[in-house]
Amino acid sequence: MSLMRDLIATLPDQLLWAAGVAVPDLPPAPEGLVLGMGGSGFAGDVAVAFAAGQMRRVTVHKDYGLPGWAVAARPAVVAVSHSGNTEETLSGVEAAAAAALSVAITATGGALVALAHESGLPLLVVPPGPQPRAAAGYLAGATLRLLESAGVVTATVPALEEAATVVTSLLEGPAEEVSQELADALAGRIVILYGAGPITAAAAGRWKAQINENGKAPAWWSLFPELDHNEIVGWGANAAAHRDVMAVVFLEDPDDPPRIRVRADLTARLMDGIRIAGRVGTRGAGPLARLFSLVVVGDLLSVLLAERSDVDPVPVEVIEKLKGMLKE
Ligand code: F6R
């Protein structure tokens, strides 16, 4: 067992921790804005998908400062950073505080936790761990609970519990089986993920990032129906070369509208022999469980790809190096 595999196995417990943790009271807000980058920003992607299922709006901001609309819209701002030291997220918190927006922090420590203590900002500390992306259950769960505290979403606790149950059953065998099959078809290739709608969009972004960071390999993602208006043409020239180096995985959800399913089938037929490594469907009932049912398969796949490339999935030295260089 590698360290990253051990960490993936903690995902159900992370989700259950979030279901049970005490959450600070936040002032009510009409919508949510999550600030976060990379593995922490994924918590925002989860919140966007979860809120969409409840006809509510959460926006994720993966950049410096705040989006231009935020000062007038007065969302509940949730800043997520595992280290608590990510400069983009810190700059957003400063901008939100300067505009007197409601800001809550979730982090393991660092400058954000210090700032929360100094300024009396609502704080939800998550348990420490070696890598932000291996804390997706803690970070996404904490973010959802904070957004619920602001009245932006509801029923996060049963959703987290269901997600933990679904991930547990997948970890008992099926996730490994599906990810092994995919790894056979994807090893050594550039992986392209196709999703559609909020749940599989969030999952596609997660798979891409996990293949990048754990697998140390390039990957990209696109969404139906938009990809049918451009990307599908891009497989045309040099198709023979693409066939040898790339492969696509479709991520699918039973709630995908019928026209999306028709598009996926037709697109697969028109892709001129480009390898489709698999079509992976969500499992579970609620949106959060369905999203995490894909997360666990993608996480395992990324570790299998790392093993096949003989790289260690855990360290992300080049990210640390860049962060150091930005401080010089
Ligand atoms: C590392 C990782 C990165 C970080 C990102 C932001 O595992 O996934 O994408 O999450 O560099 O750092 P934090 O999460 O500390 O705000």
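Atoms within a ligand are numbered from 1 in the order they appear, just like the ligands themselves. We use all heavy atoms of the structure for the numbers below, so side chains are in, but hydrogens, waters and symmetry mates are not. This one's a predicted model, so the numbers in the text were calculated from it and none came from an experiment.
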Can you name the residues that form a ring pair (Phe, Tyr, Trp, His ring centres under 6.0 Å) with F50, not counting sequence neighbours?
none
4.5 Å side-chain heavy-atom contact, V166 and F292:
no
Applying side chain to side chain contact (heavy atoms under 4.5 Å, CB included), can you list everything that pairs with A104, at least two apart in sequence or on another chain?
L26, P122, L146
Are D299 and R206 within salt-bridge range, i.e. N to O under 4.0 Å?
yes
Side chain to side chain contact (heavy atoms under 4.5 Å, CB included) involving R243 - partner list, sequence neighbours excluded:
A239, A240, D272, I274
N-O pairing of D184 and R308 below 4.0 Å:
yes
Can you name the residues that come within less than 4.0 Å of ligand 1, going by heavy atoms only?
M37, G38, G39, S40, S81, H82, S83, T86, Q131, P132, R133, E213, I319, K323
